[in-house]
> 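My questions all concern the structure below.
None of the values given here were measured: they were computed from a predicted structure. Letters A, B, ... are given to chains in the order of the sequence lines, protein chains preceding strands, and every chain is numbered from 1.
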Amino acid sequence: MDYNFKDIERRWQQWWREQQTYRVEVDASRPKFYVLDMFPYPSGAGLHVGHPLGYIASDIYSRYKRLNGFNVLHPMGYDAFGLPAEQYAIQTGQHPAITTERNIARYREQLDKIGFCYDWNREIRTCDPDYYRWTQWAFVQMFESYFDTKLQKAQPIAALVQHLAQHGTNNLNAACTEPLCFSAADWNGWNEAQQQQTLLNYRLAYLADVMVNWCPALGTVLANDEVKEGLSVRGGHPVEQRKMRQWCLRISAYAERLLADLEPLEWSDSMKEMQRNWIGRSEGAEVQFEVEGMADKLTVFTTRPDTIFGVTFMVLAPESDLVDLVTTPEQKAAMDDYRTAARRKTERERMAESRRATGCFTGRYAINPFNQQRIPIWVSEYVLSGYGTGAIMAVPAHDSRDFVFAKTFNLPIIQTVIKPGEQPTDTATWTESYDSKDGIIINSPLIDGLNIKQAISQMCAEVEKRGIGRRQVNYRLRDAIFSRQRYWGEPFPIYYKDGLPYPIADNQLPLQLPSISSFKPTEQGEPPLARAEQWHTPEGHPYELSTMPGFAGSSAYYLRYMDPHNSQALVGAEANAYWQNVDLYIGGTEHAVGHLIYSRFWNKFLFDMGKVCQNEPFRRLVNQGMIQGRSNFVYRIKGTNTFVSNGLKDQHDVTPIHVDVNIVENDVLDTEAFRRWMPDYANAEFILEDGRYICGHAVEKMSKSMWNVVNPDDIVERYGADTLRMYEMFLGPLEQSKPWDTKGIDGVHKFLRKFWRLFHDAQNQLAISDEQPTPQELKTLHRTIKKVSDDIERFSFNTCVSAFMICANELTDLRCNKRAVLEPLTVLLSPYAPHIAEELWHLLGHNASVCDAKWPVANESLMADNTFTCAVSFNGKTRFTIELPLNTPANEVEQMVLNNEQTSKYTEGKQIKRIIVVPNKIVNVVVS
RNA sequence: GCCCUGGUGGUGGAAUGGUAGACACGCCGGACUUAAAAUCCUGUGGCCCUUGGGCCGUGCGGGUUCAAGUCCCGCCCGGGGUACCA
């Protein structure tokens, strides 16, 4: 009998539940620490071993912080609204709430087995009306707000109404959908409907006709981050562009703050960079061009005003309203054809031919304000209507897209920039444009000879001086489209009167999701909620039919955990003041530009409203890598039912077949299990090598179809939760993607058994001595304390596991069973292996949980040897080592090296030029 | 294309500019055992070599340095993000 993990784990999990060991409350006497995992979507497939990786890391850190005296908030919940449950409902008629409930129960069961220290009293589910009430509430708050661009913060819409009533749009600093211009008299003369319509132009949550990503297969609109390469992220269905009336969040108003506030966050560089790219700030100028024969001017946005003398044509986006205005009657027919064709293309088709230029001439010319050249105005889909002004000045010599277009349509190319130190060349011979921002301006009267940076700055000044434009900063970040034509999401707290939206009063929230008979869209193509009976206010005003997107419920969930049962507020002021924001957030990179941008925006809005005390939600972010699957293959000889072992497969014509990794151990196939695995293989024959069938292997995504899914329950069953936890950490650096490979888990399991044996004699009886530890033992102990503490602090969980192993090996060699050594080590181990630590802690005679112990402190003076191994190098090559007393002065080290008999071997016949002594480390002798 | 990352034994991976390969898996050999399991011990980057040892080694090519896996420059390859953003 020895380490009985099954018994231990069952017992202590139950005890923790009974004792409410992990319950936390606001406690002003202790410092707080908030550790958060990205909550999961409870899918039907359950957890595989990849999912808990981040949870284990955060659990270790939580426990570590708690042992260091922090009051740690470490909650868990479920992101429970979502497409899969709805799709399943459409197929089976099963209500998504039931599927979701079942999946959550399964998740909980799996999570519980791993021994996490979550405070389950704080569990939240985004589909719970008590929760989504606050999602709806936040939406109403946004509806009732606008963004003051001067103050750079959200303000109540009432302040805007007052301004409009007094001054109209004069001196108005409000982020808007499109710039409007009207007087106070206009405003005051409008009726309710006109005023409400106008306010939608300013609200932070607003309704507008926008181009959206429409996914016909899913029957819904998708956000930009839900689309990848023209296909929906969920399901991979084609997505097309369509103009629809949708709810939007004016997240673009926050672009500058979202960008600037990124700086001090402790996030990885790549994560910050992804956010910066997504926000996409670019500085440049808006410049007006006169159009021949028209009063209206054409405004373009450019980051390269220095190249304005190289403009040879202009381009409008096909969707731009200006196209109709500009196109001449002769060109109208051709233009209509072109625009229709462009509109019909899906995003994917446009991308597929991204390198080929398409376009249509409008028939009209603009005038270059700097040299009065006539320049043709074209329309092409490579210009986007949603960015800048939807129109560009094209400089084919210095922009690769313009270059391709000019080549295709045979338009002139004028060079205005040369590479430093080079001469201008004939642009007709060019095969690509010179886009670099390193160069000298030529052919440009005002700025010849300047470098690009100077030229840009000078041209901006010139444009402003002449009154034909101004400096301008643009962002790529678009407003978030917030409507989904689906059932399984938060209903909008909105009803319509005379076709205009109004919010539902606070005290009427939550507006609960009604039950409906079928989850499909209606025959008329309306969202599923159109099937709901009584889906209107008591006065008979209809409710909004779409629901909120997935990111709605996850945008403020971290706030709700602080105060999950508060019925008066999303989070009470007291709880918020104590918990502040998330100190450590762990999750995958896949949320880099979705959830993490939306949450930051949502939090900033609530901060502006004075509802939360922190400007940023997540102080420190750590991204765990993906755990990939390690697939195994068997090789069937073609046309037979005979399988040949990996090493011999080259001698036959074989088909590799994925085989369930659960019937393979260390790449050796359990041939009997294989015969039972599928009826087809019942009579399988094997060609073995060394009496075994060896499988091939490959690293692939962990998925059912690859037969490489490893279930954590199976691992827990076989090795215990503590082994699973330690092994997941031992696998490699947290942030790195790595394949799961069950072989190797033995090493960790052996360590835990070894650790157990330190406390027990050969008969598995507790055998702890109260003797004083020897200096050797103290050295091992204190080195381990130091190493483990440091490693947890810097998230090096894999090397930390190694430190435990080294420690156990050393103590086993020393036959150390002393309480003074083992007791602190048990505390040290408890974040990683809480069950065994709890067991040993109680065996040591404690009644309270090991969670409430104190983290030991390393005593540096007990750690050190009094000698060190000094490496002696000659010209950088280490030749031998010598033992020296610690802190030997450099000159003495030098002498000892010179006097050493081995030294002469390397210095014979050579001249010693220099000796470099690195204290307590190495000596390098430089010889000629 | 652009922006991030990473490239070290058979494998996962260690290594504040200072003895490359810690720790673990696997493998080889051994002990205990009737046997197995479990446990323990020894060896294990490559190439020479009789022992002592020698030479070569961190994707490739240069450089800085007494000293480079680590820093700099130029390539090659993998992973992630993003894509007509003017």
Side-chain angles (χ1 to χ4, degrees), chain A residues 2 225 228-229 268-278 280-282 284 300-305 307 315 317 350-351 353-355 357 380-384 386-395 398-402 404-405 435 474-478 588-590 592-593 623 625-626 628 630 666-667 697 727 730-733 735-748 750-751 753-754 757 762 796 798-806 809 812 869-881 913-927:
Chain A
D2 56 359
D225 63 276
K228 231 161 233 165
E229 290 167 5
S268 69
D269 289 341
S270 62
M271 190 59 68
K272 286 187 185 180
E273 200 58 28
M274 276 188 231
Q275 291 232 333
R276 284 191 200 105
N277 290 342
W278 195 256
R281 180 191 155 100
S282 73
V300 301
F301 174 72
T302 178
T303 55
R304 294 292 301 276
T307 60
V315 190
R350 281 200 190 189
M351 255 180 259
E353 39 192 90
S354 61
R355 278 294 125 198
S380 172
E381 40 183 13
Y382 84 87
V383 174
L384 305 177
Y387 184 77
T389 61
I392 61 155
M393 57 176 226
V395 185
H398 305 297
D399 182 287
S400 49
R401 295 152 304 180
D402 298 345
V404 170
F405 194 86
D435 293 12
N474 273 339
Y475 299 91
R476 201 180 82 101
L477 184 68
R478 284 306 122 74
T589 21
E590 65 271 21
V593 291
N623 302 110
M626 271 222 296
Q628 296 145 310
R630 187 176 185 282
N666 291 345
D667 289 341
H697 63 90
Y727 185 56
F730 185 64
L731 225 40
E735 311 203 19
Q736 195 174 299
S737 285
K738 57 238 162 195
W740 174 270
D741 189 351
T742 306
K743 82 180 184 199
I745 199 169
D746 275 336
V748 172
K750 272 186 213 162
F751 156 74
R753 282 205 300 254
K754 199 175 279 185
R757 279 200 306 273
S796 184
N798 55 328
T799 55
C800 189
V801 176
S802 298
F804 280 122
M805 291 177 174
I806 294 168
N809 287 341
T812 303
T869 311
C870 180
V872 183
S873 305
F874 296 86
N875 287 346
K877 270 195 191 306
T878 301
R879 297 300 179 177
F880 57 91
T881 59
K913 293 169 115 173
R914 253 173 96 179
I915 299 179
I916 291 116
V917 177
V918 180
N920 300 337
K921 268 232 164 104
I922 197 166
V923 176
N924 190 18
V925 183
V926 187
V927 295

> Select one nucleotide: of B:U19, B:U82, B:A24, the one nearest the side-chain heavy atoms of A:F730.
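Nearest to the side-chain atoms of A:F730, counting from C-beta on, is B:A24.
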> Any base atoms under 4.0 Å from A:N809, or only sugar-phosphate, or nothing? Heavy atoms, all strands.
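Result for A:N809 = sugar-phosphate.
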> If pairing requires Watson-Crick or G-U wobble contacts with both distances under 3.5 Å, which nucleotide is the partner of B:G6?
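Pairing partner: B:C77.
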> Without decimals, in angstroms, what is the distance between A:K913 NZ and B:U65 P?
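My rounded result for the distance is 13 Å.
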> Mind checking who B:G1 pairs with, Watson-Crick or G-U wobble, both distances under 3.5 Å?
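Pairing partner, where one exists within any strand: B:U82.
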> For B:G21, is chi within 90° of 0 (syn) or not (anti)?
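Anti, which is what one calls it when the glycosidic angle falls more than 90° from 0.
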> Consider only side-chain N and O atoms of A:T799 and A:S802, and report whether a donor and an acceptor are under 3.5 Å apart.
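There is no such pair (donor and acceptor under 3.5 Å, judged by atom type) between the side chains of A:T799 and A:S802.
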> Using atom NZ of A:K738 as one end and atom C1' of B:A24 as the other, report the distance to the nearest whole Å.
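Taking NZ of A:K738 and C1' of B:A24, I get 15 Å after rounding.
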> Is a donor on one side and an acceptor on the other found under 3.5 Å between the side chain of A:Q275 and the backbone of A:A592?
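Answer holds: yes.
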> Looking for any heavy atom pair under 4.0 Å, which part of the strands does A:T869 touch: base, sugar-phosphate only, or nothing?
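Since a base atom lies under 4.0 Å of A:T869, the category is base.
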> When you get a sec, tell me which of B:C56, B:U5, B:C23 is the closest nucleotide to the side chain of A:K877?
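For A:K877, the side-chain atoms sit closest to B:C56.
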> OP1 or OP2 of B:U65 less than 4.0 angstrom from a side-chain nitrogen or oxygen of A:N924, does that happen here?
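False: A:N924 side-chain N/O out of range (4.0 Å or more) of B:U65 OP1/OP2.
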> Is there a side-chain polar atom (N or O) of A:R753 under 4.0 Å from OP1 or OP2 of B:A38?
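It does not, given that no N or O in the side chain of A:R753 lies less than 4.0 Å from OP1 or OP2 of B:A38.
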> Output yes when a side-chain donor or acceptor of A:D399 lies under 3.5 Å from a complementary backbone atom of A:A394, and no otherwise.
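Judged by distance alone, no pair lies under 3.5 Å.
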> With rounding to whole Å, what would you report as the distance between B:C40 and B:C32 at their C1' atoms?
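Here B:C40 and B:C32 have their C1' atoms 8 Å from each other.
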> Determine the interatomic distance between P on B:G10 and the same-named atom on B:U19; round to the nearest Å.
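Looking at atom P only, B:G10 and B:U19 are 23 Å apart.
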> With RNA chain B as reference, determine whether A:R478 or A:M274 sits nearer its 5' end, using the nearest nucleotide of each.
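It is A:M274, whose closest nucleotide lies nearer the 5' terminus.
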> P atom, B:G59 versus B:G9: distance in rounded Å?
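That atom pair is separated by 8 Å.
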> Establish, from distance only, whether the side-chain atoms of A:S873 and A:T878 form a donor-acceptor pair under 3.5 Å.
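Judged by distance alone, the side chains do pair up.
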> Using the closest heavy atom to pick a nucleotide of RNA chain B for each, name whichever of A:T799 or A:G876 lands nearer the 5' end.
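The 5'-side residue here is A:T799.
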> Is A:R304 near enough to B:A86 that one of its side-chain N or O atoms lies under 4.0 angstrom from OP1 or OP2?
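So the side chain of A:R304 is outside the cut-off, no N or O lying under 4.0 Å from OP1 or OP2 of B:A86.
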> Return the value, rounded to whole Å, for the distance between atom CG of A:D435 and atom C1' of B:C2.
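One finds 11 Å between C1' of B:C2 and CG of A:D435, rounded.
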> For B:G52, measure the glycosidic angle (O4'-C1'-N9-C4 for a purine, O4'-C1'-N1-C2 for a pyrimidine) and name it syn if it falls within 90° of 0, otherwise anti.
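This nucleotide is in syn.
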> Which whole-number value in Å describes the distance from A:M271 CE to B:G80 P?
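Rounding to the nearest Å, CE of A:M271 and P of B:G80 are 14 Å apart.
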> OP1 or OP2 of B:G17 sitting under 4.0 Å from any side-chain N/O of A:K921?
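Answer no for this pair, as no side-chain N or O of A:K921 is under 4.0 Å from OP1 or OP2.
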> Is any side-chain nitrogen or oxygen of A:Q736 closer than 4.0 Å to OP1 or OP2 of B:G13?
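Answer yes for this pair, as a side-chain N or O of A:Q736 is under 4.0 Å from OP1 or OP2.
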> Using OP1 and OP2 only, check whether a side-chain N or O of A:Y387 sits under 4.0 Å from B:A86.
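Yes, within the criterion.
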> Between B:A67, B:U19, B:C40, which nucleotide gets closest to the side-chain atoms of A:R757?
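So the side chain of A:R757 is nearest to B:C40.
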> In whole angstrom, give me the gap between the C1' atoms of B:U8 and B:G13.
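That atom pair is separated by 9 Å.
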> Roughly how far apart are A:N474 CG and A:S282 OG, rounded to 0.5 Å?
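Output value for this atom pair is 5.5 Å.
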> Taking pairing as Watson-Crick or G-U wobble with both contacts under 3.5 Å, can you name the mate of B:A36, or confirm there isn't one?
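The base-pairing partner of B:A36, which may sit in any strand shown, does not exist here.
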> Considering only side-chain heavy atoms of A:W278, which listed nucleotide, B:A22, B:U82, B:U19, is closest?
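Side chain of A:W278 sits closest to B:U82.
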> Nearest to the side chain of A:M805 - B:A67, B:C23, B:U19?
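In terms of side-chain proximity for A:M805, the closest of B:A67, B:C23, B:U19 is B:C23.
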> What is the pairing partner of B:C55, taking Watson-Crick or G-U wobble pairs with both distances under 3.5 Å in any strand?
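Base-paired to B:G46.
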> How long is the gap from CE on A:M271 to OG1 on A:T589, to the nearest 0.5 Å?
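Spacing of CE (A:M271) from OG1 (A:T589) equals 5.5 Å.
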> Is the ring pair A:Y387/A:F301 parallel, tilted or perpendicular, if the boundaries are 30 and 60 degrees?
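Correct class here is perpendicular.
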> Heavy atoms only, 4.0 Å cut-off, all strands: where does A:P739 land among base, sugar-phosphate and nothing?
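Answer is nothing: A:P739 stays at 4.0 Å or more from every strand.
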> Counting only side-chain N and O atoms of A:S282, is one of them less than 4.0 Å from OP1 or OP2 of B:A86?
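Yes, within the criterion.
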> Without decimals, in angstroms, what is the distance between A:F751 CZ and B:C25 P?
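Nearest whole value for this atom pair: 13 Å.
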> Please report the distance, rounded to the nearest Å, between CG in A:D746 and P in B:A37.
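Taking CG of A:D746 and P of B:A37, I get 13 Å after rounding.
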> Establish whether the base of B:U39 is bridged to the side chain of A:K754 by a donor-acceptor pair shorter than 3.5 Å.
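By the distance-only test, no, there is no pair.
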> For A:K750, report the nucleic acid contact type (base, sugar-phosphate, nothing); a contact means any heavy atom under 4.0 Å.
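The answer is sugar-phosphate, as A:K750 gets under 4.0 Å only of primed atoms, P, OP1 or OP2.
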> Using atom P in both nucleotides, what's the gap between B:U11 and B:A22 to the nearest angstrom?
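Each nucleotide's P atom is 15 Å from the other's.
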> For A:N875 and A:V927: C-alpha separation, side-chain torsions, deciding distance, then whether side chain to side chain contact (heavy atoms under 4.5 Å, CB included) applies.
CA-CA 6 Å; A:N875 287 346; A:V927 295; 3.6 Å; yes
> At under 4.0 Å, does any side-chain N or O of A:N798 touch on OP1 or OP2 of B:A14?
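It does, given that an N or O in the side chain of A:N798 lies less than 4.0 Å from OP1 or OP2 of B:A14.
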> When the distance from CD of A:Q628 to P of B:G6 is rounded to whole Å, what number comes out?
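After rounding, the gap between these two atoms is 16 Å.
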> Quote, to the nearest angstrom, the P distance that separates B:G74 from B:C66.
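The same atom, P, in both gives a distance of 24 Å.
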> So if I take every side-chain heavy atom of A:T878 and compare against B:C66, B:A20, B:C55, which nucleotide ends up nearest?
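Looking only at heavy atoms from C-beta outward on A:T878, the closest nucleotide is B:A20.
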> Considering only the P atoms, how many Å lie between B:G7 and B:U58, rounded to the nearest integer?
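So the two P atoms sit 13 Å from each other.
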> For the pair made of CG in A:N623 and P in B:G79, what is the distance, rounded to whole Å?
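It works out to 19 Å between those atoms.
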> Closest approach to the side chain of A:T303, judged atom by atom: which nucleotide of B:A86, B:A83, B:U16 is it?
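The answer is B:A86, which lies nearest to the side chain.
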> Do we get A:R630 above A:W740's six-membered ring, with its NZ or CZ under 6.0 Å from the centre and within 45° of the axis?
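No, A:R630 and A:W740 do not form such a contact.
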> When all nucleic acid strands are considered with a 4.0 Å heavy-atom cut-off, which category describes A:I916: base, sugar-phosphate, or nothing?
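Contact class for A:I916: base.
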> Provide the distance between the two P atoms, one in B:U16 and one in B:G69, to the nearest whole Å.
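Taking atom P in both B:U16 and B:G69, they lie 13 Å apart.
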